[in-house]
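One structure below.
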Amino acid sequence: MSNTLTKIAPLRRRTVRAITGVSGVQVIVPIMVALLVILAIVGPLIAPFDAVYRSNILDSLQAPSAAHWLGTDGQGRDVFWRIIAGAQSSLLSSVLIVTGFSVLGILVATIATLGGKRADEIVMRIVDAALAFPPIIFALGVAAALGPSLSSAVIAMILTGWPVTARLLRGVMKETMSQPFIENARVLGVSRTRLMLHHVLPNSLDVLVVKWAGDIGNTILILGGLSFVGVGAQPPSAEWGAMVTGAKNVIATAPWAALAPGFAIALTALAFGLLGDILQVRFNPALRRR
Amino acid sequence: MANNSPARQTAVFLVRKAVSSVITLIGLSMFVFLMVKLIPGDEARVAAGENATPAQVEAVRKSLGLDQPFFVQLLQFFGRLLHGDLGTSITTHQSVLQGIEQVMPQTIELVVLAIIIIISVVTPLATLSALRRDGATDVAIKLFVILSAAMPTFWLALLLQYLLGTQIGIVPISGRLSRQFNIPTQTGAVVVDSLLAGNPLAAWDGLQHLIVPAIVLALPFGAQLYRILRAELIQVLSREHLTVARAKGVPQRQLVWRHVLPNSIGPGITLVGIQFGAMTGAAVLVEGVFGLVGVGSYLTNAVAQKDTFAVLGGVLVIGVLVVVSNYVVDVLQLIRDPRLRAGQLG
Amino acid sequence: MNTIMTALPEQTDTRPEVDALLSVRNLTIDAGTKPDPIRLVQDFSLDMFPGDRVALVGESGSGKSVTARSIMRLDPDFRLSGSVRFQGQDLLKLSDRQMVRVRGHKIGMVFQDPMGALNPLITIGEQVMEPLRIAGVSRSEAERRAKDVLDELGVVNAAARMKAYPHEFSGGMRQRVVLAMALISNPSLIIADEPTTALDVRVQEQVLTLMDKVSKERGLAVLLITHDLGTVAGFTDRVAVMYSGRKVDEATVDNLFEHPAHPYTQGLLQAVPRIDQTVPRLLTIAGAPPHPAARPAGCAFNPRCPKAFDLCRQEVPELRPAPGGGVVACHHYPEAEAEAEAEAGEEQGA
Amino acid sequence: MSLLELRDVCKTFHAFGREPVKALRDINLTVEEGTITGLVGESGSGKTTIIKSIMGLEKPTSGTITYDGINIPEAKGDELRRVRREVQFVFQDPTSSLNPRMTVEKLVGEGLLVHKLETDRSRRRARVADLLTMVGLSDRDLDRHPRSFSGGQRQRIAIARALAIGPKLLICDEPVSALDVSVQAQVLNLLQDMQEELGFTVLFIAHDLAVVRQICSRVAVIQSGQIVEEGPSETVLANPTHPYTQALLRAVPNPNPTVARQRAQERLAEEKVA
């Protein structure tokens, strides 16, 4: 027992160092994420409206130059400024989606945990059914029902995201519930509400902290995909996925118009994905709980 | 004691999982039904198509029983499902189920190829990573995986098509089969049909057409599998029975093959089962770009045509596929783990 | 912190070192990375001769399990120094490949947790046979020998039970299987790491009796790692006590129980309730053992020791001959005095 | 006078597709007020089921568990609240039985808060500090989290937490078996001292007969869901009448080398005969 403990302590330190050691990732990633968030907030304010939205056929498909850093698209709009302006719809929608389904997931998991065996069984069957829909397919269905737009894509993704969170959190909460300290609180006469708020949730939610960043990265990717198949943001939106779609037919003549926004998505997903990994190492609940 | 025999426990396990699969299927259908009900506007009008006359709309309303009370409608909906009636496409006027049946094998072929790629690449990578935990190899593999998971699928598809097809031209980048081959359709999956027709050249050609889309499709899912497999491997590597195996002189190679891998692949198998459905969905992003016919392109077209019933029918079929593949996974786990056969876990 | 190097402990045994089956010298074990390693064990030395039964006693964090595992080099993350000579060969100098041939074949090992010790996906028979199969023994021969050793260990209906999976066995039965795996290649030393701790008291007794019987019949040397002084008394000839990474006391089992030399050993014997006597109130050792990363200066036991004086807080005591024979690491036994006492003891005895 | 009484308690577990398991069979057990009563058994003997039933977390199939006139499995409202206030528990593993997110102040003070015994925060803190001193910790430990304590200290915190609301009955479930050998005596002595000082009643569940002999005045031995022997611990442990108790006692390792070696010889002889 004791040697496992002493073995874990040094190993944990080594993991952190291995990740930071490579490229100072631990410093760069949070900065990258912070910059992206700032961009999402101020992007639409600083990007000149004309460069982003006004068609200018004369200027179409210009290669990157001093005037247009990332070139122009088929309608002569400036790709660089469109990416800046589009950060908001891409990133903030993702944050909204993840927050939305996390809240839903926490609610459902709490109901399943507190409601006793039968409620748990029913809730988990519903979760299983909902999980059987692959996210993109489900979003296609919802978007088909609600009509294609960025907001129906957001709604669709909130509706597809919660079951994963609910199932994960329920598992963790079940495990927390089986810990002796919960029994200890119950035999002390602690009320259900207090049990949930002071004992179960504080010892379960850290799993979401870890999941959160990775979720944002994934959501950005799927949201872009939805725009790409035509059920997400619609033209002339500068949402990044929609930008790739708009430029896919001219990829042979003007590759920059499709490459640049896709690269923006990849970079953002990468930043949040790495942040998720760093949080994982920092907060890994399984290791810390010992 | 006969009551607790392994055979009986196995049967109990299989029946229990089957029952829960059926319940999931019912729930799934309810979801789709509710989604239809949630469509803003008049359902009959949607079903009849945008250009239908008021009389046509009323006829559809009658035939679908939309003038009936909610629960009657729900029952009728289930009744139709049991007959395999997923409605009729408003664009092709073909049964939705038939339409999907025609394209499904091709998507499954693509997904299966992608899964083969994932398993054969990820397993050695994850094993290497776990064995060299936190070493340079591990970090390099991890970075590669994180990078490939961050690429938007549709964008990568475009990019590869542009680079490999247009710029370099090493593999065919569009369609399923080169024009010189003519293969009779039997299963609907090109490579399989070619082999059935005794034409290995055509099969090779079909495979070449599929390989790039399959790799693109495989990347993000491979990253998921890598993470879960690596984590599980590391966990299993720290288990006591491995120390015991080492203490009795089992060499490293045998340790990995006999004691580590079989004990680690459980969550991976479950994940691949779930991914089977998710990849069918993600095929939407790939098929269009590479000019492949499949469920993905079927659904994309349906969405573009506002062919609501075709979309929901597709959603339901894929949902069923997921439930079935999850059941297959449960059976695989049963074969793998004797404790499940004895009814001790799960 | 470790300003004083511990010298080689004096040999209490008169048998020459060359004949030793296992001879551990100044084994030091570090875990963790270079800038801040954690010293788990410091300068551990021990000799075992063929057929010897030695107990290594200590509580959690004492380094007893780490020592046992390091003799077998089971933790690749630990850095080991010193020497571990087994049948004249320094195990620490062997290549990984050579080490694989020592494990299981020349030294067998038994573990604490019989639940976790067996691979749940492989049949009992396969697992017991594995060491032989690796050594190239034919399947039928391996099966026969596995059956024999399971029979020897009292597994009823061994041939049929070999087809069963671990979850179909009780805790005590699993421990027999683990023992069978350790014995099947006829090793000359068994290291048993808390083999009975996880078992119920009656099963403990059975397993211990079994180990007693088998080791006597086969002339095996046994190194028993335990925290329980009770199991030591009837099973071993010699006891080494570890505290916070060091051996602090070593004596024959009778001496240790009758005249414990180290204050820690004395305290331990008084603090554990005994089934054969009750006291109005248990005597206690104050405080708790230190974490390996935060040992006090001087003797690691000094903050808990009722007899500690200034020197104990400054210098780590060396192992010296103890009055009743054996060795002890305590400043209360300076060499001269110890010898004098030893002589006095002999005179009295004579 | 008996404070806790189990009468004909049975518990059968049913699982889908398996034989029902009879965990408890007609358990009769009386805990006299002001005593320390031991309950001894091996794993799987039904000890855990008894504790869960006393906690009210597991309902017996039949029989009654009476605490001071209240049948625990049926208790509701005020009665249940009284049970929760007057019956407290100390668990085996002090690491997992203390909420890792709470400070010592919150952990020990939770009962005072929940039962509205001390609603004022600063006065509660002062009482918690007193309790800590009583169990051998200090008021400097108030704001620390359980993980920064050693195992023995954690068990002291758990004892303080249980004693904070002045229980009449303390159920200790193997309270020292997860602790270091050199620390066990401290906790045993603390429990004994507290009991003498405050006069509460203790049901002490253990597998270690030596520990039971040291601190319990009465003892009950449980085997496969049945109490096989019960009486004053000196009598039961010195002259056991039931074969199971005799076997248990014989199996306890004796820390006297001469006696232990003799036992080992006997056992080897038995083994050969068998």
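Lettering follows sequence order; numbering is per chain, from 1. What you see is a predicted model, and the numbers here were worked out from it, not measured in a lab.
Shortest non-hydrogen contact noted between A:Ala271 and A:Met32 is CB-CE, 3.4 Å. Nearest heavy-atom pair across D:Gly41 and D:Lys47 is O-NZ, 2.8 Å.
Of the atoms belonging to D:Lys106, not a single heavy atom falls under 4.5 Å from chain A. For A:Arg194, the part lying near chain D is the side chain, with the backbone staying farther off; criterion is any non-hydrogen pair under 4.5 Å. Neither the backbone nor the side chain of D:Val90 comes within less than 4.5 Å of any heavy atom of chain A. Contacts of D:Gln88 with chain A are made by side-chain atoms alone, with heavy-atom separations under 4.5 Å and no backbone atom involved. Proximity to chain A (any heavy atom under 4.5 Å) is shown, for D:Leu80, by neither the backbone nor the side chain.
A side chain to side chain contact (heavy atoms under 4.5 Å, CB included) with D:Val202 is found for one member of D:Ile171, D:Thr37, D:Ile36 and no other, namely D:Ile36.
Between chain A and the residues D:Arg85, D:Met55, D:Arg81, the largest count of heavy-atom pairs under 4.5 Å involves D:Met55.
Between D:Leu4 and D:Thr201, the closest side-chain pair of non-hydrogen atoms is not below 4.5 Å.
Listed by sequence position, D:Arg161, D:Ile165 are the residues of residues 155-170 of chain D in contact with chain A, using a 4.5 angstrom heavy-atom cutoff. Close approach to chain A, defined as a heavy atom under 4.5 Å from one of its heavy atoms, is seen in no residue of residues 59-74 of chain D.
In this structure, a donor-acceptor pair under 3.5 Å is absent between the side chains of D:Glu42 and D:His207.
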